[in-house]
Colleague: 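Pasting in a structure now, in structure tokens, and then I'll have a few things to ask.
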There are 2 protein chains.
Amino acid sequence: MSLPPLSAIRVFEAVTRHLSFTRAGEELGMTQAAVSYQIKLLEERVGAPLFLRKPRQIALSEVGASLAPQVQQAFEIMREAFADTRGEVDRLLSITTVPTFASQWLAQNLGLFQIDHPEIAVRVDSTSDMVDLLNDECDIGIRTLAAPPEKGLVSHMLVKADFTPLLSPALAESIGGVKEPADLLKLPMLDPQDEWWALWFEVAGVPGFSAEGRPMSMLNWQSLLGTAAMAGRGVTMLTPALFRDEIASGRLIQPFPLLAPAGRAYYLVYPESRRNAPKIKMFRDWMLEATAFMRAES
Amino acid sequence: MSLPPLSAIRVFEAVTRHLSFTRAGEELGMTQAAVSYQIKLLEERVGAPLFLRKPRQIALSEVGASLAPQVQQAFEIMREAFADTRGEVDRLLSITTVPTFASQWLAQNLGLFQIDHPEIAVRVDSTSDMVDLLNDECDIGIRTLAAPPEKGLVSHMLVKADFTPLLSPALAESIGGVKEPADLLKLPMLDPQDEWWALWFEVAGVPGFSAEGRPMSMLNWQSLLGTAAMAGRGVTMLTPALFRDEIASGRLIQPFPLLAPAGRAYYLVYPESRRNAPKIKMFRDWMLEATAFMRAES
DNA sequence: CGACATGGATAAACACCCCTTATGCGTCGG
DNA sequence: CCGACGCATAAGGGGTGTTTATCCATGTCG
């Protein structure tokens with residue numbers, strides 16, 4: 001019912017292809033004696049000679065000949081399967097990221113990575129769930145964390161999740177421009193419940209801010225808030241680094257350089273055990289370089 | 001190009017079928033810890049998780065799922081191949097024998113063995129070449145030997161290859177019956193060169209026998225000589241045990257019980273290493289019992 | 001709601017398998 | 001006739017994979 005020792009079968013397979021113990025041993029990186037041993041083992045298990053020992057060569061016996069093609073086929077299937085897998089594993093990079101980062105920065109910049117590394121396919125899984133990088137089949141995660149994550153994971157800080165008010169130029173113009181922090185109180189605020197509003201005003205030295213009585217929009221993803229802000233629907237707290245393009249192009253304006261320190265940051269995270277996987281190294285290096293300016297600016 | 005450790009693949013295959021490390025371990029006769037170790041090994045080699053560890057069960061990962069069917073197929077092929085082989089090896093008994101024995105005794109009696117053991121197919125290779133039982137793929141040999149054979153072979157004496165003159169009743173009648181050994185000299189001898197003639201006459205106390213001037217037929221197989229003798233073409237030296245039926249039925253007559261001791265015998269021979277193979281035991285036991293009378297008579 | 005059962009992960013120590021080294025034997029070729 | 005080539009065999013050691021023991025997480029049952 002159960003198979004003979006697999007190591008013996010592997011040796012047998014190699015010998016059937018070379019029809020030589022010595023040659024097979026070379027292929028397998030072992031000595032001729034070891035090959036002889038394994039074949040003898042298999043022959044005892046099978047109960048019949050697998051090879052006929054001729055003076056200076058060997059030939060398949062009847063039993064051996066009936067076994068050889070099937071064993072070769074089985075090994076061919078496995079070789080192919082693992083070769084495919086290796087390719088797939090090396091070529092597919094799976095990233096899980098918080099939605100904000102996905103739709104803002106990653107969506108705009110991932111193309112550059114793919115141009116640099118066309119051989120790597122990238123799959124982005126954008127979810128706010130904290131995927132377990134150690135157990136689930138995901139290569140890299142991008143998360144907002146207050147501190148470097150638990151043991152077993154390597155993390156690189158990408159950019160601090162600091163916040164500052166952003167708004168559309170048209171909205172700013174509607175009140176004659178935003179000159180000082182208190183001016184913002186005249187404008188509708190998107191998601192004023194956001195704790196960062198209170199923090200920012202505190203840092204800005206504007207007293208008496210209260211979310212009381214202000215409507216709450218529940219646009220809990222920065223990208224949605226950003227879109228709403230660009231549409232002129234209000235002023236909102238965002239991480240300016242993630243809206244660099246929008247600010248540079250004038251679609252959003254950042255009236256004050258002042259940042260509310262969130263105490264959290266976006267981190268690139270991956271399992272320590274895979275820190276040497278080529279695709280992970282590539283992505284990490286690219287990502288750190290591409291986001292270097294964010295860290296430099298702050 | 002080269003496969004991951006086969007032991008790990010075997011474990012993986014079992015786990016994919018059970019979807020349980022513990023269960024797979026039971027099937028393979030090892031502990032759950034060992035299974036865990038092997039799977040981890042394979043996962044490191046492949047570079048990706050093969051299973052997703054859910055609380056009380058595991059599930060195939062994407063990579064694992066793509067690998068599983070192919071690995072299962074490969075193992076199925078090998079299992080089938082070795083199962084077939086085992087069947088073939090156990091069910092086919094291959095005998096090499098000297099032609100005389102083949103056509104005389106074996107051809108007539110093998111049917112009885114097959115009735116007793118219908119599950120075993122017998123292949124008889126009748127050749128006078130001495131097949132190397134240790135190296136060639138033959139289970140059992142029947143040979144004429146002067147002594148038990150070389151080391152590594154088990155031998156059982158079947159019957160002494162002693163000779164005595166045999167002739168047809170009609171031929172005996174043509175000279176008014178064979179009363180004493182010297183009468184034989186009046187008859188044509190088939191293969192008079194045969195050394196056994198001289199030996200037999202010597203044992204019989206008939207002096208002056210010479211093969212000089214007598215024609216030589218070169219019928220060097222006993223069965224051919226026997227056929228010629230039955231046709232009345234002459235008197236010939238044969239092993240009476242092999243012509244028991246012919247003598248019993250009157251087709252041949254043995255005028256004298258006197259046997260020339262050939263110093264050789266028919267032996268049943270097989271490799272010592274296979275002495276416990278069921279089919280070999282079966283045939284040996286049957287053969288020794290079926291030929292017991294030959295040894296008893298002499 | 002807490003104790004238990006289940007299933008997998010992990011660490012350390014050990015056992016055994018399998019490989020290597022060394023040698024022998026038989027045959028072929030110069 | 002000697003060396004080359006190829007497989008078989010024995011002895012011995014190293015390393016891989018196993019077991020044992022324990023931990024941890026989760027789901028279940030009283």
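Both backbone and side-chain heavy atoms feed into the values below; hydrogens, waters and symmetry mates do not. In this text, all values refer to a predicted model and were calculated from it rather than measured experimentally. Numbered from 1 within each chain, the chains take letters A, B, ... in sequence-line order.
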Colleague: Is the phosphate of D:dT19 approached by B:Thr31 (side-chain N or O, under 4.0 Å from OP1 or OP2)?
Modeller: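 Yes, because at least one side-chain N or O of B:Thr31 sits under 4.0 Å from OP1 or OP2 of D:dT19.
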Colleague: From CZ of A:Arg56 over to P of D:dA8, roughly how many Å is that when rounded to an integer?
Modeller: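 In whole Å, D:dA8 P and A:Arg56 CZ are 15 Å from each other.
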Colleague: Describe the nucleic acid contact of A:Gly29 in one word from base, sugar-phosphate, nothing, applying a heavy-atom distance below 4.0 Å.
Modeller: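 Contact class for A:Gly29: sugar-phosphate only.
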Colleague: Run the salt-bridge test on A:Glu76 and A:Arg17 with the 4.0 Å N-O cut-off and return the result as yes or no.
Modeller: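 Here A:Glu76 does not pair with A:Arg17 in a salt bridge, since their nearest N and O are not under 4.0 Å apart.
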Colleague: Indicate whether the side chain of A:Gln72 and that of A:Thr16 have a donor and an acceptor atom separated by less than 3.5 Å.
Modeller: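 A:Thr16 and A:Gln72 do have a side-chain donor-acceptor pair below 3.5 Å.
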Colleague: Quick one: label B:Tyr37 by what it contacts on the DNA or RNA (base, sugar-phosphate, nothing), any heavy atom closer than 4.0 Å.
Modeller: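 Answer is base: heavy atoms of B:Tyr37 come under 4.0 Å of a base.
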Colleague: What is the distance, to the nearest angstrom, from the CD atom on A:Gln38 to the P atom on C:dT20?
Modeller: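 In whole Å, C:dT20 P and A:Gln38 CD are 10 Å from each other.
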Colleague: I need the CG-P distance between B:Leu41 and C:dT10, as an integer number of Å.
Modeller: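 So the CG-P distance, B:Leu41 to C:dT10, works out to 13 Å.
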Colleague: How is B:Thr22 classified with respect to the nucleic acid when contacts are heavy atoms under 4.0 Å: base, sugar-phosphate, or nothing?
Modeller: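 Sugar-phosphate, no base atom in range.
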Colleague: Hey, are A:Arg284 and A:Glu289 close enough for a salt bridge, meaning a charged N less than 4.0 Å from a carboxylate O?
Modeller: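 No, no charged N to carboxylate O under 4.0 Å.
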Colleague: Is any side-chain nitrogen or oxygen of B:Ser36 closer than 4.0 Å to OP1 or OP2 of C:dA9?
Modeller: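 For C:dA9, OP1/OP2 do have a side-chain N/O of B:Ser36 under 4.0 Å.
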Colleague: Just verifying a value: how many Å separate B:Asp139 CG and B:Leu92 CG, rounded to the nearest 0.5 Å?
Modeller: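 Answer rounded to 0.5 Å: 7.0 Å.
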Colleague: Could you tell me how far apart A:Glu44 (CD) and D:dT9 (P) are, to the nearest whole angstrom?
Modeller: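 A:Glu44 atom CD is separated from D:dT9 atom P by 10 Å.
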Colleague: Measure from the side chain of A:Met30, starting at C-beta and using heavy atoms only, and say which of C:dG8, D:dC7, C:dT20 lies closest.
Modeller: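 Nearest listed nucleotide: C:dT20.
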Colleague: Would you kindly give the CG-to-P distance between A:Leu6 and C:dC17, to the nearest whole Å?
Modeller: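 For the pair A:Leu6 CG and C:dC17 P, the rounded distance is 15 Å.
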Colleague: Do B:Glu62 and A:Arg123 meet the salt-bridge criterion of a basic N to acidic O distance under 4.0 Å?
Modeller: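 B:Glu62 and A:Arg123: salt-bridged.
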Colleague: Mapping A:Ser7 and A:Gln32 to their closest nucleotides on DNA chain C, which lands nearer the 5' end?
Modeller: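 Result: A:Ser7.
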Colleague: Over how many whole Å does the gap from A:Leu42 atom CG to C:dC18 atom C1' extend?
Modeller: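 So the CG-C1' distance, A:Leu42 to C:dC18, works out to 15 Å.
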Colleague: Below the 4.0 Å mark, does D:dT9 have OP1 or OP2 next to a side-chain nitrogen or oxygen of A:Lys40?
Modeller: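 Checking A:Lys40 against D:dT9: at least one side-chain N or O falls below 4.0 Å of OP1 or OP2.
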Colleague: Whole-Å distance between D:dA8 P and A:Lys54 NZ?
Modeller: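 Answer to the nearest Å: 14 Å.
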Colleague: Is the phosphate of C:dG7, meaning OP1 or OP2, less than 4.0 Å from a side-chain N or O of B:Arg53?
Modeller: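 No.
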Colleague: How many Å lie between CD1 on A:Ile58 and P on D:dC5, as a whole number?
Modeller: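 Rounded to whole Å, this separation is 17 Å.
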Colleague: Taking any heavy-atom pair under 4.0 Å as a contact, classify A:Gln57: base, sugar-phosphate, or nothing.
Modeller: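 Nothing, no nucleic acid heavy atom in range.
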Colleague: Among the candidates D:dC7, C:dG8, C:dG7, find the nucleotide nearest to the side-chain atoms of B:Arg23.
Modeller: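 The nucleotide sitting nearest to the side chain is C:dG7.
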